[in-house]
Asks: 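After the structure tokens below, expect a handful of questions from me.
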Amino acid sequence: MSEEQIKNLEEQFEARIARDEKIEPKDWMPEKYRQTHIRQISQHAHSEIVGMLPEGNWITRAPSLRRKVALLAKVQDEAGHGLYLYSACETLGISRDVLYEQLHSGKAKYSSIFNYPTVTWADMGAIGWLVDGAAIINQVPLCSTSFGPYARAMVRVCKEESFHQRQGYEIMLKLCNGTPEQKEMAQDALNRWWWPSLMMLGPTDDASVHTEQSMKWKLKRKTNDELRQQFIDQTVPQADILGLTIPDPDLKWNEERGSYDFGEIDWDEFWQVVKGHGPCNKERMKARVGAWERGEWVRDAAMAYAEKQQERKEKQAV
Amino acid sequence: MKENLYQYILGIADNSLILGQRLGELCGHGPSLETDIACTNISLDLLGQVRNYYQYAAKIANDGRTEDDIAMLRNEREYLNVLLVEQPNTDFGYIIARQFLFDVYHLMFLNELQKSNDLTLSAIATKSIKEVSYHQRFSSDWIKRLGDGTEESRSRIQSAIDELWTYTDELFHLTEADEVMVSEGIGVDVTKLKEHYYKKVNDILEEATIQVPESKYFQKGGKKGIHTEHMGYILTDLQYMQRTYPNMEW
């Protein structure tokens with residue numbers, strides 16, 4: 001293809017996105033679009049899968065049968081999200097095995113929030129309320145992103161995430177209406193999860209390298225700072241209802257802006273965790289790699305069995 | 001209180017509780033996303049059934065205890081599950097072997113429980129049969145895949161079947177409460193399921209090219225509350241919150 005032809009295709013492509021048309025896997029797309037989407041969708045899929053671990057940590061110790069069943073179902077939903085996101089990613093011409101390899105080698109990233117430990121039952125509430133809350137703010141705009149398979153996967157993911165968020169908030173509410181010990185457990189969880197949740201919405205706009213291009217492709221509709229502000233404004237009144245205190249002495253309603261002002265985020269901590277040195281980075285990777293390696297003989301067996309069955313079928317046909 | 005009926009319900013429910021708890025340990029650690037989801041699903045089904053049984057048991061006990069009190073606040077000697085379901089998740093072969101050896105029994109059991117004079121138990125059985133048919137299909141399919149897969153998988157699943165075989169006979173023992181319930185047309189006479197069970201299990205093992213163990217030595221005790229050493233640790237997790245923070249709502 002001549003340079004001019006490519007330029008032409010690129011122009012048509014950008015025009016389609018500008019008209020809000022969906023790009024489908026078989027359509028022509030610039031290589032950079034493909035690579036950016038592989039990076040973002042796989043990162044999202046990995047986050048779902050690694051995200052199963054901190055919550056999975058409490059399944060055997062859930063305080064009641066009802067909570068145990070709900071938590072199992074939630075973690076299972078996350079596995080389901082991982083499945084459709086990996087499938088969406090595979091339509092871009094990369095296999096799930098390669099994507100796993102990228103996760104296991106540390107080449108691909110996942111959401112840093114899952115590198116924090118879940119130390120009490122209240123963390124199940126705080127994760128649902130705050131982490132899923134922040135995820136929804138990130139993800140709702142993606143329901144109308146330009147790449148069709150991703151947009152469609154996100155519609156389903158968002159529905160389930162908002163259910164999870166309500167479930168998390170309900171855990172917090174129960175704790176806050178319980179004994180002083182329970183309420184203290186809830187406050188402690190908020191104290192530990194608040195700042196990492198704010199970090200989850202990404203570095204500040206001036207430090208974010210992908211924002212401009214992503215806005216153009218509708219992979220992003222709002223900047224990180226806008227999303228963070230939206231999250232804070234939405235969450236503070238919810239904390240008030242719970243009777244909990246947001247652990248930020250600088251948090252104050254700003255009448256003029258119609259938003260909350262908030263304190264400085266510890267970006268050193270953020271980068272430390274992103275670079276692999278958070279409290280649980282190593283454990284999380286060990287768990288994922290371990291499950292994958294321990295499962296190898298199982299996957300090999302399934303493959304060998306399927307081949308034998310196929311051969312038997314072919315022999316019968318002859 | 002109808003003590004025998006109460007004990008009888010616990011005997012059924014505890015199997016599903018402990019197996020559901022064991023499967024819950026695996027969530028997020030399966031050999032593939034698909035098997036992870038499937039094992040979680042089975043765990044969810046079993047725990048859903050458990051809630052129905054314990055809610056019924058709580059009604060019969062009628063002493064203010066809730067389903068959670070019954071599930072989480074008994075001492076080890078008061079749990080009546082068979083030894084099979086408390087065996088650890090040694091590897092995926094053991095997980096599948098344990099599931100398969102239980103599922104074949106469980107489905108036969110529920111088919112009979114459906115005919116119980118006790119309408120609540122009969123209704124729970126009817127509701128559970130669809131789920132447990134799926135469990136049996138899943139575990140039988142994997143028995144075949146692992147048995148007739150690679151050399152390594154055959155050797156692993158063979159070891160698991162060999163090791164867990166010793167816990168199968170207990171499935172067909174009758175406790176005193178069971179005997180009373182059978183005589184009243186409420187309970188299932190599990191001794192009558194035994195022949196059919198081993199035939200079904202042997203057929204699937206043979207199809208999977210797995211050797212049927214010949215050992216005649218069997219373990220028992222779970223149904224009388226005498227468990228393997230694993231049980232205490234399962235309960236430590238299961239009861240952690242209820243024991244640490246008594247009398248609270250969650």
Side-chain angles (χ1 to χ4, degrees), chain A residues 45 48-73 75-80 82-83 86 96 120-121 171 174-175 177-179 181-182 185 287-288 290-309, chain B residues 17 20-37 39-41 43-44 47-48 50-51 54-55 66-68 70-72 91-93 96 141-142 144-154 156-157 208 234 236-242 244-245 247-250:
Chain A
E48 297 283 357
I49 300 312
V50 178
M52 293 169 73
L53 299 169
E55 288 177 290
N57 183 37
W58 277 88
I59 288 172
T60 59
R61 291 177 295 164
S64 69
L65 290 174
R66 183 172 83 92
R67 293 292 184 204
K68 192 189 287 288
V69 167
L71 185 59
L72 265 167
V75 181
Q76 188 190 34
D77 282 348
E78 282 155 11
L83 257 189
Y86 282 126
R96 219 207 284 181
T120 70
W121 169 252
I171 290 176
K174 197 84 184 173
L175 293 173
N177 291 331
T179 64
E181 209 176 357
Q182 283 174 301
M185 195 192 280
R288 282 316 315 157
W292 184 247
E293 287 174 352
R294 278 192 307 276
E296 192 179 359
W297 69 272
V298 178
R299 298 189 301 274
D300 289 348
M303 204 69 112
Y305 179 77
E307 279 166 19
K308 284 185 200 174
Q309 290 295 97
Chain B
L17 174 70
Q21 178 78 359
R22 271 293 190 217
L23 291 168
E25 293 170 13
L26 287 171
C27 189
H29 304 276
S32 67
L33 262 181
E34 288 81 355
T35 46
D36 207 306
I37 290 174
C39 288
T40 307
N41 219 22
S43 177
L44 270 170
L47 293 169
V50 157
R51 294 192 62 195
Y54 288 146
Q55 282 164 10
T66 65
E67 52 169 317
D68 291 321
I70 296 175
M72 299 178 176
D91 70 10
F92 193 69
I96 289 300
D141 284 351
W142 271 103
K144 291 176 206 162
R145 274 189 205 110
L146 298 180
D148 196 13
T150 63
E151 234 170 86
E152 182 180 5
S153 70
R154 179 184 296 137
R156 282 179 184 260
I157 191 68
I234 297 176
T236 304
D237 272 2
L238 179 72
Q239 303 186 337
Y240 168 65
M241 290 295 289
Q242 291 280 343
T244 314
Y245 304 98
N247 304 317
M248 296 184 200
E249 283 186 31
W250 304 94

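A note on names: the letters A, B, ... follow the listed sequences, proteins ahead of strands, and every chain is numbered from 1.
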Asks: In terms of heavy-atom proximity below 4.5 Å to chain A, should B:L17 be classed as side chain, backbone, both, or neither?
Replies: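 Just the side chain, heavy atoms under 4.5 Å.
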
Asks: I'd like to know which of B:R22, B:E151, B:E34, B:R154 tops the heavy-atom pair count under 4.5 Å against chain A.
Replies: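 Highest number of heavy-atom pairs under 4.5 Å: B:E34.
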
Asks: Measure B:D36 against the heavy atoms of chain A and call it side chain, backbone, both or neither at under 4.5 Å.
Replies: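 The answer is the side chain of B:D36.
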
Asks: What is the distance from atom SG of B:C39 to atom CH2 of B:W142, rounded to the nearest 0.5 Å?
Replies: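 Answer for the SG-CH2 pair, B:C39 versus B:W142, is 9.5 Å.
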
Asks: Name the member of B:I96, B:L44, B:L238 that forms the most heavy-atom pairs with chain A at distances under 4.5 Å.
Replies: B:L44

Asks: Looking at B:T66, B:T236, B:L33, B:T244, which has the largest count of heavy-atom pairs under 4.5 Å with chain A?
Replies: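 Looking at each of B:T66, B:T236, B:L33, B:T244 in turn, B:L33 comes out on top.
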
Asks: Need one label for A:I171: side chain, backbone, both or neither, based on atoms under 4.5 Å from any heavy atom in chain B.
Replies: neither

Asks: For chain A, which candidate among B:T150, B:D237, B:V50 shows the most heavy-atom pairs at distances under 4.5 Å?
Replies: B:D237

Asks: Given B:D148 and A:K308, is the salt bridge (charged side-chain N to carboxylate O under 4.0 Å, His left out) satisfied, shown in steps?
Replies: CA-CA 8 Å; B:D148 196 13; A:K308 284 185 200 174; 3.1 Å; yes

Asks: Relative to chain A, which of B:R156, B:E67, B:M248 shows the most heavy atom pairs under 4.5 Å?
Replies: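 Top count of heavy-atom pairs under 4.5 Å with chain A: B:R156.
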
Asks: Indicate the atoms forming the closest heavy-atom contact of B:S43 with A:L72, along with that distance.
Replies: OG-CD1, 3.4 Å

Asks: Taking A:G80, A:A73, A:A306, A:G290 one by one, which has the highest count of heavy-atom pairs under 4.5 Å against chain B?
Replies: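 Of A:G80, A:A73, A:A306, A:G290, A:A73 has the most heavy-atom pairs under 4.5 Å with chain B.
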
Asks: Taking the six-membered ring of A:W58 (Phe, Tyr or Trp), confirm whether the NZ or CZ of A:R67 is under 6.0 Å from its centre and within 45° of its axis.
Replies: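 No; the conditions do not both hold, so A:R67 does not lie above the ring face of A:W58.
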
Asks: Do B:S32 and B:T35 have side-chain atoms, one donor and one acceptor, less than 3.5 Å apart?
Replies: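 Looking only at side-chain atoms, B:T35 and B:S32 do form a donor-acceptor pair, the distance falling under 3.5 Å.
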
Asks: Side chain from CB out, backbone as N, CA, C, O: work out which of these in A:T179 comes under 4.5 Å of a heavy atom of chain B, or both, or neither.
Replies: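 Interface part for A:T179: side chain.
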
Asks: Would the distance check show the side chain of A:K68 and the main-chain N or O of A:I59 forming a donor-acceptor pair, the cut-off being under 3.5 Å?
Replies: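 Yes: the side chain of A:K68 pairs with the backbone of A:I59.
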
Asks: Measure A:A62 against the heavy atoms of chain B and call it side chain, backbone, both or neither at under 4.5 Å.
Replies: backbone

Asks: Under a 4.5 Å heavy-atom cut-off, does chain A meet the side chain of B:Y240, its backbone, both or neither?
Replies: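 Looking at B:Y240, just its side chain touches chain A.
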
Asks: Who among B:R51, B:H29, B:E249 has the most heavy-atom pairs with chain A under 4.5 Å?
Replies: B:R51

Asks: Whether the A:K174 and A:Q182 side chains hold a donor-acceptor pair (N or O, under 3.5 Å, no angle test) is what I'd like checked.
Replies: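 No donor-acceptor contact under 3.5 Å links the two side chains.
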
Asks: Determine, stepwise, if the pair B:I157 / B:F92 fulfils side-chain contact (heavy atoms from CB on, under 4.5 Å).
Replies: CA-CA 8 Å; B:I157 191 68; B:F92 193 69; over 6 Å; no

Asks: What residue, out of A:R299, A:E55, A:E296, A:M303, has the most heavy-atom pairs lying under 4.5 Å from chain B?
Replies: A:R299

Asks: So for A:L65, is it side chain, backbone, both, or neither that comes closer than 4.5 Å to the heavy atoms of chain B?
Replies: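 The answer is both parts of A:L65.
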
Asks: Looking only at the side chains, is there a donor atom on one of B:N41 and A:Q76 sitting less than 3.5 Å from an acceptor on the other?
Replies: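 There is such a pair (donor and acceptor under 3.5 Å, judged by atom type) between the side chains of B:N41 and A:Q76.
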
Asks: Can you say whether A:R66 sits under 4.5 Å from chain B via the side chain, the backbone, both, or neither, judging by heavy atoms?
Replies: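 Both parts, backbone and side chain.
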
Asks: Check the orientation of B:Y245 and B:W250. Use parallel for under 30°, tilted for 30 to 60°, and perpendicular for over 60°.
Replies: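 Ring orientation of B:Y245 relative to B:W250: perpendicular.
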
Asks: Contact part of B:Q242 toward chain A, heavy-atom cut-off under 4.5 Å: side chain, backbone, both or neither?
Replies: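 The answer is the side chain of B:Q242.
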
Asks: Return the CZ to CD distance between B:R145 and A:Q309, rounded to the nearest 0.5 Å.
Replies: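 The CD atom of A:Q309 is 9.5 Å from CZ of B:R145, to the nearest 0.5 Å.
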
Asks: Is chain B contacted by the side chain of A:E181, its backbone, both, or neither, given a heavy-atom distance below 4.5 Å?
Replies: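 For A:E181, side-chain heavy atoms alone lie under 4.5 Å from chain B.
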
Asks: Using heavy-atom distances under 4.5 Å, tell me whether A:L83 contacts chain B through its side chain, its backbone, both, or neither.
Replies: both

